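Encoded as structure tokens, the structure appears first; notes follow it.
All of these numbers come straight from a predicted model, not from anything done at the bench.
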Amino acid sequence: MNKLIIIICMLTVTISACQSTPQSMSNEKQDVSANDRADSFFEKSFQESLAQSPMFQSYLGIKDNQDKWDDLSEEKAEENLEITRRQLKELRSTINPDLLDEQTLISYRLFEKNAEDEIDLYKWRYHDYPVNQMHGVQSQIPSFLINIHRVSDKQDAEDYISRLNGVTGLLSQVIANMKMRTEMKIVPPRFVFPYVISDSRNVIKGNPFEQSSEDSTLLADFKSKVNALKIEQTEKDDLIRRASKALENKVGPAFEEMIAYLQALEKTATTDDGAWKFPDGEAFYNAALRQTTTTNLTADEIHQIGLREVARIQNEMHSIMDQVGFKGSLKEFFKFTREDKQFYYPDTAEGRQAYLSKAKSIIETMESHLDQVFITKPKDCG
């Protein structure tokens, strides 16, 4: 299931528990039991879904499978779909929504809606680009290892090396997924390829991928993390040597293979873009639209709403221009508000202090209202 929605469901359940009142506590035992069963179900389902993603576990600071990447195979996708189907069936057969309190019912409906969407949209799972100018493994792998994979002891470093060695399998799955899409005529537009290829080449620049006085980004990251450990220097040297070998023998060739495939695929790409170019593109677009907007509005209806909103906002901006006596176009007004010195604090010690004081005041105002919307807050929020 979508991880964000799972988290939302869990948070909603937590808020429900925190917001119990004497009146709600005095409800019939049957209602309390239903809420408890729902909470247990959400917890069990969350843990089951979490177990399918070693990478998501790492995002949450869980180290149980931090030597692994996610499985992107077709077999795993089908397995995850069956898990979602089973969870949805269990939700509906074991929990009566009529017996739930308001907050737990929200969790129920969120879980149900997300599961339905995942099942309904499964047939469209190929209607995207695994790598593109915005995201993909070419940027996710280095970003994940650098920012998410923590190294606080020797085992963490060993797991990092395992993940480096596992890049071969991960990129092989990505290439296989792109090939399946290519057979379906789902190929990124031509403008995407230079970005993806450039990003991929950047990963394998520097030592040990090439003779260079500078380490590659990943090797530099690994060295920094290992050198901060309180272990023997000989152990550090061994870890760094093995990471360098994994980068050179596994990561480098895997990225080179993907780059070669992308270069070949680029030759077949067209300048066409948009969902309309996909097989059954209109049906896919409408399905995605329903999921994203949670409405049955058509694309034209949503477009008209957007046009009306743009017109409304522009009219309000013109009213502001009249109020301040600005003569010129809306575009000129935007430029004026960005560049005129009256909208900025002076570049002086006094101006910087005034800016900091104003920013602090805004933050304090925001923090004073946190209790109205959050039960549990970060410690720094008081």
Side-chain angles (χ1 to χ4, degrees), residues 2-5 7-8 11-12 106 109-110 113-114 116-118 120-121 123-136 139-140 143 185-196 198-199 269-345 355 358-359 361-363 365-367 369-370 372-374:
N2 181 282
K3 302 178 183 67
L4 178 60
I5 298 298
I7 292 174
I8 291 173
L11 289 175
T12 307
I106 291 174
R109 295 305 184 200
L110 279 171
K113 177 65 166 62
N114 189 64
E116 289 173 342
D117 284 346
E118 184 174 333
D120 292 343
L121 294 178
K123 63 182 177 181
W124 305 112
R125 64 193 180 281
Y126 298 118
H127 282 56
D128 62 5
Y129 307 130
V131 296
N132 55 67
Q133 79 281 10
M134 300 296 291
H135 56 78
S139 57
Q140 185 183 32
S143 175
K185 310 296 185 186
I186 298 178
V187 178
R190 190 176 300 154
F191 77 85
V192 166
F193 288 89
Y195 292 102
V196 177
S198 174
D199 288 346
T270 68
T271 57
D272 295 340
D273 52 28
W276 57 268
K277 65 180 277 189
F278 294 160
D280 298 319
E282 184 176 356
F284 159 70
Y285 186 84
N286 289 333
L289 200 62
R290 285 192 297 273
Q291 183 203 33
T292 303
T293 65
T294 67
T295 73
N296 290 316
L297 295 173
T298 67
D300 286 339
E301 288 171 333
I302 293 173
H303 182 61
Q304 290 303 317
I305 291 173
L307 292 178
R308 290 197 300 271
E309 285 300 295
V310 169
R312 179 185 63 78
I313 294 170
Q314 288 184 342
N315 287 335
E316 291 183 5
M317 292 302 301
H318 281 295
S319 297
I320 294 173
M321 290 167 58
D322 292 339
Q323 292 174 23
V324 300
F326 182 84
K327 304 299 182 182
S329 67
L330 188 59
K331 183 177 181 180
E332 291 170 336
F333 184 61
F334 290 154
K335 184 174 184 295
F336 169 70
T337 56
R338 284 197 307 269
E339 299 178 357
D340 195 276
K341 290 184 178 180
Q342 67 174 299
F343 301 113
Y344 293 86
Y345 290 102
Y355 173 84
K358 181 63 175 177
S361 174
I362 293 173
I363 293 172
T365 300
M366 176 271 295
E367 289 182 342
H369 294 285
L370 287 180
Q372 299 174 20
V373 289
F374 297 106

Residues two or more places apart in sequence or in another chain: which of them pass side-chain hydrogen bond (donor to acceptor under 3.5 Å, both in side chains) with [X]?
X    : answer
S329 : E332
Q314 : none
R312 : E309, E316
D128 : R181

Return yes when atom [atom1] of [X] has more than 12 non-hydrogen atoms of other residues, nucleotides or ligands closer than 6.0 Å, and no otherwise.
X    : atom1 : answer
K113 : NZ    : yes
Y285 : OH    : no
Y355 : OH    : no

**OP:** Just do the side chain to side chain contact (heavy atoms under 4.5 Å, CB included) check on Q133 and F193 with the steps written out, would you?
**Re:** CA-CA 8 Å; Q133 79 281 10; F193 288 89; over 6 Å; no

Without swapping roles, check the side chain of [X] against the backbone of [Y] for a donor-acceptor pair under 3.5 Å.
X    : Y    : answer
T365 : S361 : yes
N132 : Y129 : yes
Y344 : R338 : yes

**OP:** Take F278 and K185 through the test side chain to side chain contact (heavy atoms under 4.5 Å, CB included) and record every step on the way to the result.
**Re:** CA-CA 7 Å; F278 294 160; K185 310 296 185 186; over 6 Å; no

Please tabulate, one pair per line, all N/O donor-acceptor pairs under 3.5 Å involving side-chain atoms of residues 291-299, not counting sequence neighbours.
residue	atom	partner	partner atom	Å
T292	OG1	A288	O	2.8
T293	OG1	L289	O	2.7
T293	OG1	T295	N	3.3
T293	OG1	T295	OG1	2.9
T295	OG1	L297	N	3.2
T298	OG1	E301	N	3.1
T298	OG1	E301	OE1	3.4

Output all residues satisfying salt bridge (charged side-chain N to carboxylate O under 4.0 Å, His left out) with [X], sequence neighbours left out; order by chain, then residue number.
X    : value
K335 : E339
R190 : none
R290 : none

Subject >> Over all atoms of both residues, closest heavy-atom pair of A269 and P189 >> reply: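 The pair with the smallest heavy-atom distance is CB-C, 4.4 Å.
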
Subject >> Shortest non-hydrogen contact from P188 toward V131 >> reply: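 What the structure gives for the nearest pair is CG-O, 4.4 Å.
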
Original post:
Taking C-beta and beyond as the side chain, do F284 and K123 meet within less than 4.5 Å on heavy atoms?
Top reply: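 A side-chain contact under 4.5 Å is absent here.
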
Original post:
Any side-chain heavy-atom pair from H127 and P279 closer than 4.5 angstrom?
Top reply: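 The answer is yes; the side chains approach within 4.5 Å.
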
Subject >> Residue pairs involving residues 305-327 (criterion ring pair (Phe, Tyr, Trp, His ring centres under 6.0 Å); sequence neighbours excluded) >> reply: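 Sorted pair list: F326-F333, F326-F336.
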
Original post:
If you look only at pairs with a residue in residues 271-282, which of them pass as a side chain to side chain donor-acceptor pair (under 3.5 Å), with sequence neighbours excluded?
Top reply: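 Those involving residues 271-282 do not exist here.
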
**OP:** Kindly write out the residues that satisfy ring pair (Phe, Tyr, Trp, His ring centres under 6.0 Å) with Y195, not counting sequence neighbours, or none if the list is empty.
**Re:**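 Y195: no ring pair (Phe, Tyr, Trp, His ring centres under 6.0 Å) contacts found.
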
Subject >> Pairing residues for M366 by the side-chain contact (heavy atoms from CB on, under 4.5 Å) criterion, not counting sequence neighbours >> reply: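 M366 satisfies side-chain contact (heavy atoms from CB on, under 4.5 Å) with I363, L370 once adjacent residues are dropped.
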
